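Note that the structure is predicted; figures quoted are calculated from it, not measured. Every chain is numbered from 1 and lettered A, B, ... according to where its sequence line falls, protein lines coming before strand lines.
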Amino acid sequence: MLIVHKIAVNMKELEKAYEAKKYEDGIYEKWEESGLFNPDVCVEKSTAKKDAPIFSMVLPPPNVTGVLHMGHAAMLAIEDAMIRYHRMKGDRTLWLPGTDHAAIATQTKVEKLLMEKGVKDPRVELGREKFLEEVDKFAKASHDTIINQCKKMGSSLDWSREAFTLDEKRNLAVRTVFKKMYDDGLIERGYRIVNWCPRCHSTLADDEVEYKEQSAKIYIFKYSADFPFAIATTRPETKLGDTAVAVNPKDKRYKKFIGKTFKVKSFAGGADLNIEVIGDEAVDMNFGTGALGVTPAHSHVDYEMAQKNNLPVIKVIDEDGNMAADAGTVYAGLSVKDARKKVVENLRVSNLLEKEEDAPNNLSVCYRCETPIEPLPSKQWFIKVNKEFQMGPSKIMGIKEGQKTTLKKLMQAAVREGQIKIIPDRFDKTYFHWIDNLHDWCISRQIWYGHRIPVWYKGDQTYVGFEAPKDSGWQQDSDTLDTWFSSGLWTFSTLGWPDKTDDFNNYHPTSVLETGYDILPFWVARMILMTTYTLGDIPFETVYLHGLVRDEQGRKMSKSLGNVIDPLAMVEKFGADATRLSLMLGNTPGNDSRLSEEKIAGFRNFTNKLWNICRYMMMQIDFEKSEPAKPVTLADFWILERLHEIASDTSKHIEQFNFSFAGEKLRDFTWNELADWYLEISKIEGNKSGILQYILETILKLWHPFMPFVTEAIWSEIPGKKLLMAEKWPQLKKEKISGRVKDFEIIKNIITNIRSLRAEYKVEPAKKISVSIGAGKFAGLLKDNVEILQGLARIEKIQIDKSMKKPGNSVGFLESGVEVFIDLSGLVDFAKEKIRLQKEIGEVEPYIAVLKKKLSNKEFVKNAPKEIVANENAKLAEAEEMLAKLNDQLKSI
RNA sequence: GGGUGUUUAGCUCAGUUGGUUAGAGCGACUCGUUUACACCGAGUAGGCCAGGGGUUCGAAUCCCUUAACACCCACCA
């Protein structure tokens with residue numbers, strides 16, 4: 001047996017275990033210094049050709065509200081893998097970073113922090129300017145933390161192009177789009193019912209309202225003693241603003257009252273009411289009393305009814321969440337809560353309250369501060385999604401230049417026509433459903449942190465433009481824009497638009513948008529709206545949606561549950577590569593995944609395994625000679641063929657967004673084939689410098705997008721190499737180098753079977769055994785690889801022939817028609833061996849029966865494809881041969 | 001009320017257009033310091049693919065249905 005023990009003299013030996021902490025920061029610095037995160041530099045340094053395909057992506061900008069969580073880490077890992085893959089492929093690859101000012105979220109957070117510091121009412125005490133200074137300070141600190149975290153994860157973002165949703169350039173884009181929309185009549189100011197958060201003191205968009213289930217009281221009451229029937233409500237205090245009662249026109253009980261008006265004197269001691277009875281199909285006759293009190297000012301549904309029926313709108317709740325003057329002097333100024341108690345009490349005293357019932361109810365709350373929302377009428381700016389306008393230059397399929405269309409239709413067309421592809425495609429439904437339910441979008445916010453609305457007023461004049469008009473007396477609107485207005489422009493505002501920049505021409509539309517499915521409506525849909533309208537083009541070609549990262553038990557991670565796993569802590573403990581793998585492998589697109597420290601630790605183990613695999617290979621490689629990777633032995637052919645196959649599959653899976661699959665297959669190959677078999681064989685066969693070097697380099701390249709740090713660390717130890725991140729991706733094709741993979745599998749299986757029998761018979765690992773093999777047509781193959789058999793199965797004496805009689809005192813098995821007998825003199829327990837053989841026969845017999853039944857079925861033979869039938873026949877022949885030999889063995893005992 | 005997803009080994013999940021004797025990782029168990037790695041190696045056990053119908057020569061995979069869990073949307077007073 002040949003044993004080669006060679007350590008290249010020019011190599012400093014790698015440490016035994018890979019310690020991520022020692023390498024990561026230094027490697028990131030080297031990457032940054034190279035400038036290669038920037039595609040322009042790649043072209044300059046010719047790692048990418050000028051006319052190479054473009055691959056561009058924007059980083060979904062994290063909110064500057066604090067620190068990154070595991071969801072961000074997953075996003076960074078997946079996007080970086082895509083980016084590194086494309087960069088290595090030689091594409092002109094841009095990944096553009098930035099952060100989001102997240103208007104309400106950030107302002108709320110800073111208010112909270114200031115209040116914790118003892119400032120009772122930050123906005124009142126500090127005033128607009130001072131308050132905004134505080135927010136900016138916080139945002140800056142938060143931004144720096146976030147950038148640092150992105151770097152820790154290894155994200156190869158082009159920092160030279162970093163953007164912020166609230167910086168000057170983005171502000172110009174915002175003003176430009178606002179004006180265009182206003183001029184097209186798509187932005188309009190109006191007095192309408194809006195979602196109002198009394199704590200934030202601002203409007204909210206429909207999708208910024210969340211619902212919390214709670215148990216509520218339903219009160220059934222009459223407006224007055226002489227009112228003909230009762231109605232039900234969960235909010236008695238709003239009834240002070242009722243202007244109608246709606247009933248179903250088919251309802252026999254109430255039909256006769258439709259059209260009549262009832263005067264109510266001082267309802268519950270408050271305002272006088274004028275209640276008109278109206279008919280509306282939407283009223284459910286079987287719910288409550290079948291009659292519905294209509295409060296146009298404080299319910300979206302009632303507001304619509306009021307519009308239809310020309311009812312007056314009386315506002316009885318104000319912006320602070322207190323009762324307004326129109327509620328009556330007794331109520332004015334009371335909080336909603338107190339007013340409710342008082343109305344109920346007054347109704348009870350005057351005997352108008354008929355019943356109180358408990359019922360489940362959905363309370364609408366602010367998504368940021370969980371304060372209950374008050375729907376109330378207010379003068380605000382809206383984007384009209386159903387209003388027709390004339391389309392400008394258009395690349396949107398199905399919508400031509402000059403054609404009349406609406407924003408909704410644009411959003412639908414871009415996805416329906418397949419111009420934008422959403423992965424997984426089931427989210428198409430969510431997208432279209434969201435658009436179907438979309439109402440006009442209220443974009444003005446009464447908060448200070450954000451893009452100021454580019455509108456100026458003077459008396460009753462309104463001016464919309466880029467700057468205040470020259471003449472004096474103009475006052476800018478004090479409101480700011482919904483944060484999604486600016487993030488909706490993100491794919492092109494970051495590329496310099498509205499200036500006609502090279503970046504815009506080169507990188508827009510972007511190739512892929514990768515983000516969590518939870519912000520599909522919030523952000524993705526709005527980007528499609530803004531981009532199709534503004535540019536007449538799509539913002540991105542593919543939307544890839546990842547799932548949420550949950551805790552071990554499948555719960556959302558949250559501070560209050562105390563189940564948050566901090567990405568930075570995991571990077572510190574297990575390394576960025578392990579953290580990345582734990583977020584990319586073992587899940588499927590669009591589905592939530594569970595994360596635990598044990599999972600990350602498992603991938604840390606793999607990181608170390610790869611390190612050691614490479615460490616061992618490097619000890620065997622003579623880098624000075626640089627031999628060609630020429631396969632000589634069966635194992636060589638096998639590993640090269642498998643390597644090429646895995647390389648080609650990895651490319652394929654990455655391009656099809658199957659990152660998990662790609663990584664898992666690559667891991668299985670690296671660990672179970674390369675390390676467990678080929679490297680062990682190389683210890684026996686020796687002299688593989690050329691092949692090992694080829695495998696080493698290829699495997700490091702293939703792993704680099706997934707685990708950039710450890711691969712780069714190893715790469716830097718290979719003499720004469722520069723940066724791995726700039727190396728060419730191995731674009732290998734699946735090819736049959738010799739068709740000998742199957743032959744190798746036979747050897748492998750024989751070894752596994754011998755090992756298994758050894759374990760079963762408790763033959764000590766150190767003890768060598770004698771084996772005789774009846775190999776049939778494979779005799780030559782086995783003889784060629786006898787050293788491998790001996791080495792890996794620990795065989796002392798081996799006899800190979802075409803056929804072999806079962807020696808006494810031996811146990812045997814079959815593999816692909818090859819009979820292997822192990823001499824176990826003194827060790828064989830014949831009773832046990834009998835049982836073992838019978839058990840195997842017991843497995844093969846029913847298998848044969850199934851195959852026979854299948855093949856005797858004429859329908860199967862007739863209908864199934866030829867290959868399948870042939871395949872089943874082959875299986876049957878093999879199984880029958882096996883059965884015969886097993887029976888022989890059994891008889892010979 | 002409408003919609004989507006999930007249900008496969010003790011746990012976490014794969015299973016690509018229907019054709020395997022249904023796979024992996026972790027965990028469990030038995031061995032083991034053999035010239036990279038104990039963050040390791042060799043081996044073993046463990047599954048009526050949620051239940052019920054159907055389509056098909058053939059179903060974990062397609063259709064219908066029931067159930068449990070999760071999420072999204074709408075919101076009825």
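Atoms CD1 (A:I751) and C1' (B:G43) sit 15 Å apart, rounded to a whole Å. Rounded to an integer number of Å, the gap from A:N605 CG to B:G27 P is 9 Å. Look at CH2 on A:W611: it is 17 Å from C1' on B:C40, rounded to the nearest Å. With rounding to whole Å, A:F659 atom CZ is found 19 Å from B:U16 atom P. Distance CZ (A:R604) to P (B:G25): 18 Å, rounded to an integer number of Å.
Geometric assessment of A:K652 against the ring of A:F661 yields a negative cation-pi assignment under the 6.0 Å and 45° thresholds.
Only the P atoms considered, B:C49 is 16 Å distant from B:C62, to the nearest whole Å. Between B:G2 and B:U61, the two C1' atoms lie 28 Å apart (nearest whole Å).
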Quiz item: Given A:S689 and A:Q693, is the side-chain hydrogen bond (donor to acceptor under 3.5 Å, both in side chains) satisfied, shown in steps?
Solution: CA-CA 6 Å; A:S689 183; A:Q693 185 168 357; 5.1 Å; no
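In RNA chain B, stems built from 3 or more consecutive Watson-Crick or G-U wobble pairs, each with both distances under 3.5 Å, span B:1-7 with B:67-73, B:10-13 with B:23-26, B:28-32 with B:40-44, B:50-54 with B:62-66.
Remark: A:K852 engages A:E880 in a salt bridge (Lys or Arg N to Asp or Glu O under 4.0 Å) (not counting sequence neighbours).
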Practice problem: Take nucleotides 56-63 of chain B nucleotide by nucleotide from the 5' end and write B, S or -, depending on whether a protein heavy atom sits under 4.0 Å from the base, only from the sugar-phosphate, or from neither. | Solution: -B------
Quiz item: Once each nucleotide of nucleotides 44-50 of chain B is scored for protein heavy atoms under 4.0 Å, what B/S/- sequence comes out, 5' to 3'?
Solution: S------
Self-check item: Base versus backbone protein contacts along nucleotides 69-77 of chain B [heavy-atom cut-off under 4.0 Å; B, S, -]
Solution: ----SBBBB
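Taking only side-chain atoms of A:I868, from C-beta outward, the nucleotide of B:G25, B:U34, B:G19 with the closest atom is B:G19. The side chain of A:D668 lies closest to B:A24 when the candidates are B:G32, B:A36, B:A24. Considering only the side chain of A:N672, B:G25 comes nearest among B:G25, B:A42, B:A36.
For the segment residues 573-588 of chain A, the set of residues with a heavy atom within less than 4.0 Å of an atom of RNA chain B comprises A:G586, A:T588, in numerical order.
Below the 3.5 angstrom threshold, one finds a donor paired with an acceptor across the side chain of A:E680 and the base of B:A36.
Note on A:E357 versus A:K355: salt bridge recorded, some NZ/NE/NH1/NH2 to OD/OE distance being below 4.0 Å.
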